[in-house]
Amino acid sequence: MTGTVEKDPYTTDEMMTVAASRELRDGAVCFVGIGLPSEAANLARATHAPDCFLVYESGTLGAKPNVLPLSIGDGVLAEHADSVVSVPEVFNYWLQAGRVDVGFLGAAQIDRFGNINTTVVGPYGDPKVRLPGAGGAPEIAASAKEVIVMLRHTSRAFVEDLAFVTSVGYRHGGGSRQELGYSGGGPAVIITDLGVLRPDPETKEFVLTALHPGATVEEAREATSWDLKVAGEVDSTEPPSDKELRVLRELRARTERARGTRA
Amino acid sequence: MTGTVEKDPYTTDEMMTVAASRELRDGAVCFVGIGLPSEAANLARATHAPDCFLVYESGTLGAKPNVLPLSIGDGVLAEHADSVVSVPEVFNYWLQAGRVDVGFLGAAQIDRFGNINTTVVGPYGDPKVRLPGAGGAPEIAASAKEVIVMLRHTSRAFVEDLAFVTSVGYRHGGGSRQELGYSGGGPAVIITDLGVLRPDPETKEFVLTALHPGATVEEAREATSWDLKVAGEVDSTEPPSDKELRVLRELRARTERARGTRA
Amino acid sequence: MGGMDIGQDESQSIVSRSQDSGVRKAGKIMSLREAVAEFVRDGDSVALEGFTHLIPSAAGHEIIRQEKKDLTLIRMTPDLIYDAMIGMGCARKLIFSWGGNPGVGSLHRFRDAIENGWPEPLEIEEHSHAGMANRYVAGASNLPFAVLRGYVGTDLPEVTSTIKPITCPFTGEELMAVLALNPDVTIIHAQQADRRGNVALWGITGIQKEAAFSAKKVIVTVEEVVEKFEARPFGIVLPSVAVNAISIEPRGAFPSYADGYYDRDNSFYEAWDPISRDRDEFRGWMERHILGVDSFADHLRSIDTEEAAR
Amino acid sequence: MGGMDIGQDESQSIVSRSQDSGVRKAGKIMSLREAVAEFVRDGDSVALEGFTHLIPSAAGHEIIRQEKKDLTLIRMTPDLIYDAMIGMGCARKLIFSWGGNPGVGSLHRFRDAIENGWPEPLEIEEHSHAGMANRYVAGASNLPFAVLRGYVGTDLPEVTSTIKPITCPFTGEELMAVLALNPDVTIIHAQQADRRGNVALWGITGIQKEAAFSAKKVIVTVEEVVEKFEARPFGIVLPSVAVNAISIEPRGAFPSYADGYYDRDNSFYEAWDPISRDRDEFRGWMERHILGVDSFADHLRSIDTEEAAR
């Protein structure tokens, strides 16, 4: 409101969301889940990628939510969508057919090749923690042309060995993913609260290629259970711009207001 | 309009349509084709079977045409339908799923076991007459709980050996149809312009069980290339009632008027 | 075997199994109590579907009130209603693809049953969403299996016996087959029925059509009965011949959405977390608000009263 | 091999085959002449679908005018437009399930080609409607085959190599598999497009969605472009990212129906019988009314003029 605008501080989640949103090219067909991916995709749509085509697994095609959906079945996804189809149709005619350019995935555990566990911690038949399960993830991992993984960087999440392979990344690395016959290219990037990891072109092992402002290589190594490889030159992520932060916060505020009137 | 009503003469096609319409029980789910079957089903709906549920292969469910459709894609089928679905859905979720009680079939050739040819006369690779082909018939024959066949009785149609089996009736007779694993019961009746044929419960060979008024056993035998079996007691079809004829002719007249304004 | 023995059944027609006469009776309006009593039997496989929109909560409560046992519960996204049914001991087995409290966190009763066998051991059969969706499609199509590109390279085929490889007879390619789902009963919630027993859904219609068409018997709860349906973008209609029973249950999808009627009550989803976290707290809540009331309408009043008393 | 080599292709993604960049261009409006010139190549497999409603007649004429050759024509119900294309020598092969003049009789050019090889031999691959519909579904789903209960006991598997038995890996049951269809180009006619390139169809929508989604490239002719679609019962919308080109062709489905715009011109269907019965008569009519005009609009004027002159 005043003449000069101070640079706002921002949270690590905001940095993650902004970094993910920047990965989306305008016009891309994005398969979006609820939570941070939905924030990132809608931030992109409200900033540099107005023609981003959002597909939610509940069957909304070209969704244009003005507030963030509370769940995959939220009416705001259907309201301004170009089309609404059945769940089999969105998985078969869109995802499996190779029409999705970018898919988002979260993870409870991830390994160095971007394989993901969202099923169980501990033995399958006698679990320590029973997680929600597969949902749409295995086929997003299989068929989206590329996958953006978003998760917080902790040594419990970045593990040497997955307890369960729910969704395939680069499998055992190298060319081993291709043997499975999937059309999707695999995880292109892992965005955490500390930085950005991208796969080595040959080995397909994920390498730390950028750090968000304030994060250090040491922190990233400590938050990774395997011996994390670090790029020769580690980029520094551009902090959220004023516009990115403003648009993201307006989106969240609108969402909060809408939630308030709903309960 | 006057006090007494004279019995109208009627055509053999009208007799066929009326006889077929009487086979439809109220509430039955009927899979209907264009032409005589559509006339018969809509006559039934306008007389004794108002809750007959008409399914057309173009995807109209619970169609209630007030005039006869010109083709399977006619708007009158969609206009008052309970639902309109895709072609895969009508074949998979309705016909193949066993939801159809009665299906209608026509035929270019039929044999003593109710197998049907609508594909070709002469060798397949060097045809004498190329017929339209299968359409929806093979799966109606396979999956409708029962099938009503309507065709004119001629020795060219009622043949000893089919040139091509497009749709299966009782196959080689006896229990040979069951070996194919189809859920549908097979052809329950053949209605011709001369009379009615029904399958022998054991051999499944079609037997002349009724004659329409004016037709003779001799005529039916002459119009059948195999040695036609005749029931011990041949019923005489009840001629079209005044109401049946009036409703059928009104339906046709409405249809003619509608066609006239369309061209 | 609940709903899993499909394909081995001697009759290949889904519909004929549930029909004694050749001619189908159209769906008739009856109370939800009657519908559940008549159509849901102990040991049945039961699918309550609604992909976070139009969740048939009222029907879930009625099953709990009628103390149905040994059910095989089928649902892509087992959430609050399945958490409650599992915690109340209705389920012997769960077939699912994602079990969480959407936007909030864990399903504590679901986790307690799987992790600790409370109140009784829960057999699980898990798939991906695509796998579950295609299993319903196969079931609705009266086919014993469906084919998809998925599962290869994951650990799911090792733990789920209803996933098997299949080879394309034309190209030789290997794909994955999943066994069809044909629930004994499917229950969905829809916005409207008309007087002839047709059912209209709109907004996100998810997997409801396939879940209904794959089942031997179908119960639909609706917000209201109307004279005539309006045209709605992307609305679907289930003809009455595909429905066995219709029960009028306004707000029957609470706390989820019913497009055109109400939005999700997010505070209830958040409140479920503490309600369900502790076994005794859960049991007490269930006794007060589900077992101790006569209907879903009474349930809604009872939670409003408790809310107001705070 | 035209559209039949699907599944053997190294890329398993339908869409990526037709896209050079990672990001898809939305359907853009261009003249039908441009669209056919750009997207339909000699030797292509081409599906013009519309299940007796919304038949893409204007596009069929344009293909004839551009003298496309060696096409593999795919269509469940080859009718007047395919009769014309076959008679004009556009087709090397026909993939179909029912070939007739609906409500009138035979397709004389179709028969002449199959019975007598005129104007050139026509290879045929025939299925049932259910088989064709499921082939499109498989194609749209990027699967190499579909499964159905059918064909067993008929002579069709003997003459059609794209039908083969397949065994359920769970139940051991034998069913029939059909090879997926993935046309190089699918062309449909729809009622409306909006300015962003989305396409709306309503009334009987048949197999058009699956035909479009199974194809590598999609051309849609429309009655008109509107600002915003209205809600229509059972209407469907193809998002612009699934469409390559949109051409505005009012009455483009003549002589078939376009629900909300016009009904079938039955007299034309009847007139086609004598027009197409004789080779010279047919050829002359084609020269006057299709080859000799510039557009479908001119075609409609030319037949009106001939009609008026009688």
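The structure presented is a predicted model; accordingly, all values stated were derived computationally and were not measured. Numbered from 1 within each chain, the chains take letters A, B, ... in sequence-line order.
- Aromatic rings of F31(A) and W94(A) (six-membered ring for Trp) have centroids beyond the 6.0 Å cut-off, not under it.
- When heavy atoms are compared at a cutoff of 4.5 Å, E89(A) approaches chain D solely by way of its side chain, counted from C-beta outward.
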Show which side-chain atoms of residues 61-72 of chain A pair as donor or acceptor with protein atoms under 3.5 Å away, not counting sequence neighbours.
from	atom 1	to	atom 2	distance (Å)
K64(A)	NZ	G62(A)	O	2.6
K64(A)	NZ	H80(A)	O	3.0
K64(A)	NZ	D82(A)	OD1	3.0
S71(A)	OG	G73(A)	N	3.1
S71(A)	OG	T52(C)	OG1	2.7
S71(A)	OG	Y257(C)	OH	3.2

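- Residue Y93(A) touches chain D through both its backbone and its side chain, counting heavy-atom pairs closer than 4.5 Å.
- Side-chain polar atoms of E14(A) and T17(A) form no donor-acceptor pair below 3.5 angstrom.
- Neither the backbone nor the side chain of V102(A) comes within contact range of chain D; no heavy atoms are under 4.5 Å apart.
- Rounded to the nearest 0.5 angstrom, R232(D) CZ and Q191(D) CD are separated by 7.5 Å.
- The interface of residues 36-45 of chain A with chain D, defined by heavy-atom distances below 4.5 Å, is empty.
- Residues Q208(D) and Y136(D) have side chains that never bring a donor and an acceptor to within less than 3.5 angstrom of each other.
- Side-chain contact annotation: S97(D) with S128(D), donor-acceptor N/O pair under 3.5 Å absent.
- Centroid-to-centroid, the aromatic rings of H127(D) and F96(D) stay 6.0 Å apart or farther.
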